[in-house]
Each structure stands twice: as C-alpha cells, then as structure tokens.
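For reference, the structure is listed below as structure tokens.
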Amino acid sequence: MNRDWIATARTLSEALPYMQRYSGAVVVVKFGGNAMGDDEAMAEFARDIVLMKQVGIHPVVVHGGGPMINDLLNRLGIESHFVRGKRVTTRETVEVVEMVLSGLVNKRIVQAINDAGGRAVGISGKDDDLMVCEVDDPELGFVGRPVEMNVQIIRDLYNAGMIPVIAPVATGMEDNETFNVNGDTAAGAIAGALQADRLLLLTDVAGVKDASGEVVTAMTPQQVRDMIVDGTIAGGMIPKAETALKALEEGVRAVVILDGRVANATLLELFTEHGAGSLIRSTEPRVKPRGLRQGGDGL
C-alpha cells in the first residue's frame, strides 16, 4: 500500500481522542494577516474550518482586513492620519471600513467556506446589536471598545449548523453610530461572551518569543504579564497578549497565539499532541519534554 495513505490513516486515528475532546466545543478563530490576500491560503483555511465543524466543533470566525482598507482608502484618495502609530478613524473613514470589512472581506471568507462544503453566514457586530461600543480613545475617532455583548445570534447560527463569520464593525450607544473595532479585540470580546473553549489568534509570527527568540509553547497569565513588563513581549504582540489575558479573565479556557502562515495551523493546534504556537491558560501548563505541550488533551 502507498505509504502516504498509511500515514494519512494513522494521523486520522491519532486525532480521534482530540476530536472527541473538542466535540461540542466553541472555538473562536481570529483570521487575518497575509493569508487573507492569498487565494490558496484562504481556501486551505476554509477547509480547516469546515473540517472542524464536520467533527462536532462550533467554529466562530472573526476577521480583520487592514490591508484591504488601506488599499481602498488610497484608491479613493482619502488621506490617513495617525496618532502614536494608530490610524485615526474619521466619520468618512469608518464608512470605508464598514464597506470593506462587512462587504468585501466578510463575503470572501463566507464564499470560501461555502465552496469548501460548509454553511457559512456573514454578519457584523451591528447585527442584533452583537457588539455595542464606546469610544476607546477620543484622539483615534471612531475606534470602539466593546462594552456590551449580545451573542445569542452566534449561538443560534452554530446550533443551526451554520458557521458564523463576523466582521469587527460595531454599533454605538447613540443612534446611527458606527465603530471600527480591532479584530483581535473583537475576537477576544466574542470569545469571552461565549465562554469559548479556545480562542485562536492567527498571526504572521510563530508565536510569543522569549528573550532568546525561541517560541514559548505554554504560559500562564502571570508569565505573560511579566514578559510585557520586562519588554520581552513588545510591539504588535502586546495587544494580542492583552487580548488573551482579558479573554481568560472573562472565562475563555485557553488562548493560543499561532502562526497563520503555517499550513493547517488550526488543525495542528487542536488535533495533534504538540499543538502549535503559544498557549496561554490560567493554570500551570503541563509541558512535554523539550518544550512540547499537549495540544488537545483538555488544556
């Protein structure tokens, strides 16, 4: 027999206990980065999400879309202004953000999942007042901080066999108020409100790295805080780490920051012994020899 077939069968057999462990679990996946602009990577991600649904997991996809927003703003000739490296979202800009996230990006992901055999439905944080925000920083304009979450619409969708795909655009406390929400922030708030089993933050890096540049496979919240204080966690990793900490405080069982550029990254994390990326959970992680950890053993 072909050795590849045998290896495939063995892999499926070894994945069985992890599939059983996650059956019925809610897994929120933040999708973004370079993979969103690559058709092949998008199709692969969609197949992974459909497989998760097929084996009894309830995947909830939350996406970003920064590069697409930048592209359309440039084409429309809308100048961007920045404060401390963050884009100021004006009333004019937030209209473009909503068009890109709720329209172009959201429906592209929905289509990819449907093409892979799934049943995806695209919504935004505005639908059924899923995500209600306040101004996060007055200097940044219409950038929102979630203050009220109404996630029943998500439960209704996944209980009906659908895969929710959510654009991080939210409503405000005032009438006709629209907010742009950071994708990681939105994913963390949704995962917390759902009391999700896992929050997977797909990034363009291998995970959280220690002072020597090695990926840390498992951490406690206190270790993460210490790494932020001493500067080991810096730059763009800080908001992801802070999102992870807040999600854990709100009841998410574990958060994983992993490299979305790796083929089948979500499947490696959920269905293999080694997992993928950096797992953060509230109790002391059991670490495998040589830094490997259990990916789907109930952590």
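Small disclaimer: the values here were computed from a predicted structure and weren't measured.
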TODO: Run the numbers on Val216 and Met227 for side-chain contact (heavy atoms from CB on, under 4.5 Å), then give the verdict.
DONE: CA-CA 11 Å; Val216 184; Met227 292 173 73; 4.3 Å; yes

TODO: Begin from the C-alpha positions of Lys209 and Glu214 and carry the test side-chain contact (heavy atoms from CB on, under 4.5 Å) through to its verdict.
DONE: CA-CA 5 Å; Lys209 296 182 180 179; Glu214 296 295 320; over 6 Å; no

Task: Val96 and Glu92: CA distance, side-chain angles, deciding distance, side-chain contact (heavy atoms from CB on, under 4.5 Å) verdict - done: CA-CA 7 Å; Val96 175; Glu92 184 181 28; 5.6 Å; no

Task: Working for side-chain hydrogen bond (donor to acceptor under 3.5 Å, both in side chains), residues Lys30 and His63 - done: CA-CA 6 Å; Lys30 161 57 189 349; His63 64 83; over 6 Å; no

TODO: Given side-chain contact (heavy atoms from CB on, under 4.5 Å), test Val165 with Ile49 step by step and report yes or no.
DONE: CA-CA 11 Å; Val165 180; Ile49 294 295; over 6 Å; no

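Under the 3.5 Å distance criterion, the side-chain polar atoms of Lys53 are left unmatched by any main-chain donor or acceptor of Pro59. A distance-only check finds a donor-acceptor pair linking the side chain of Arg261 to the backbone of Asp204 [under 3.5 Å]. In this structure, Asp184 contributes its side chain and Lys240 its backbone to no donor-acceptor pair below 3.5 Å. The main-chain N or O of Ala211 is never found under 3.5 Å from a side-chain atom of Thr232 such that the two would form a donor-acceptor pair. A distance-only check finds no donor-acceptor pair linking the side chain of Asn264 to the backbone of Leu267 [under 3.5 Å]. Counting only distance, with no hydrogens or angles, the side chain of Asp136 and the backbone of Arg145 share no donor-acceptor pair below 3.5 Å. A donor-acceptor contact shorter than 3.5 Å links the side chain of Glu177 to the backbone of Met173.
Minimum interatomic distance between Tyr18 and Leu270 (heavy atoms only, all atoms of both residues): CB-O, 3.4 Å. The shortest non-hydrogen separation linking Thr93 to Val88 is OG1-O, 4.3 Å. Closest heavy-atom contact between Val256 and Gly277: CG1-C, 4.5 Å. Scanning both residues, Ala265 and Leu258, for their nearest heavy atoms gives O-CD1, 3.5 Å. Between Leu130 and Ser124, the shortest heavy-atom contact is CD2-O, 3.9 Å. Across all non-hydrogen atoms, the minimal contact from Val110 to Ala120 is CG1-O, 3.7 Å.
With a 4.5 Å cut-off on side-chain heavy atoms, Val29 and Met52 count as touching. Taking 4.5 Å as the limit, every side-chain heavy atom of Val100 sits out of range of all side-chain heavy atoms of Asp71. In this structure the side chain of Leu279 reaches within 4.5 angstrom of the side chain of Glu269, judged on heavy atoms. Leu157 has its side chain within reach of Ile123: a pair of non-hydrogen atoms, C-beta onward, lies under 4.5 Å apart. Counting heavy atoms from C-beta on, the side chains of Thr266 and Phe271 never come closer than 4.5 Å. Residues Asn150 and Val132 have side chains in contact (heavy-atom distance under 4.5 Å, counting atoms from C-beta outward). In this structure the side chain of Asn182 never reaches within 4.5 angstrom of the side chain of Pro239, judged on heavy atoms. When side chains are defined from C-beta on, Ile257 counts as touching Met237, because their heavy atoms get closer than 4.5 Å.
The local environment of CD in Gln222 is crowded, with over 12 non-hydrogen atoms from other residues, nucleotides or ligands closer than 6.0 Å. For Gln152, the CD atom counts as densely surrounded, since its 6.0 Å shell holds more than 12 non-hydrogen atoms of other residues, nucleotides or ligands. More than 12 heavy atoms of other residues, nucleotides or ligands lie within 6.0 Å of CD in Glu250, so this atom counts as buried by the packing criterion.
Relative orientation of the Phe31 and Phe45 rings is parallel, given thresholds of 30° and 60° on the angle between their planes.
The OG1 atom of Thr89 sits 12.5 Å away from the CD atom of Glu95 when rounded to the nearest 0.5 Å. Here the NZ-OG1 distance, from Lys126 to Thr171, works out to 6.0 Å after rounding to the nearest 0.5 Å. Atom CD1 of Ile228 is separated from atom CD1 of Ile238 by 6.5 Å, given to the nearest 0.5 angstrom. One finds the CG atom of Leu199 at 10.0 Å from the CD1 atom of Ile190 (value rounded to the nearest 0.5 Å). Interatomic distance, Leu248 CG to Thr243 OG1, rounded to the nearest 0.5 Å: 11.0 Å. Note that the CG atom of Leu104 and the CE atom of Met99 stand 10.5 Å from one another [nearest 0.5 Å].
In this structure, Met149 is not a member of the same hydrophobic cluster as Val147, with clusters built from ILVMFWY side-chain heavy atoms closer than 4.5 Å. Hydrophobic clustering keeps Val169 apart from Val135 (ILVMFWY residues linked when any side-chain heavy atoms are closer than 4.5 Å, directly or through intermediates). Connection of Tyr22 to Val55 is established within a shared hydrophobic cluster, with ILVMFWY side chains joined at heavy-atom distances below 4.5 Å, either directly or through further cluster members. Put simply, Leu140 and Phe142 are part of two different groups of oily side chains (I, L, V, M, F, W, Y) that touch within less than 4.5 Å, one to the next. No continuous path of ILVMFWY side-chain contacts below 4.5 Å connects Leu16 to Leu268, so the two sit in separate hydrophobic clusters.
Each of Val27, Val252, Val28 was scored for a side chain to side chain contact (heavy atoms under 4.5 Å, CB included) with Leu194, with one residue passing: Val28.
In this structure, Asp197 pairs ionically with Arg21, as a charged nitrogen and a carboxylate oxygen lie closer than 4.0 Å.
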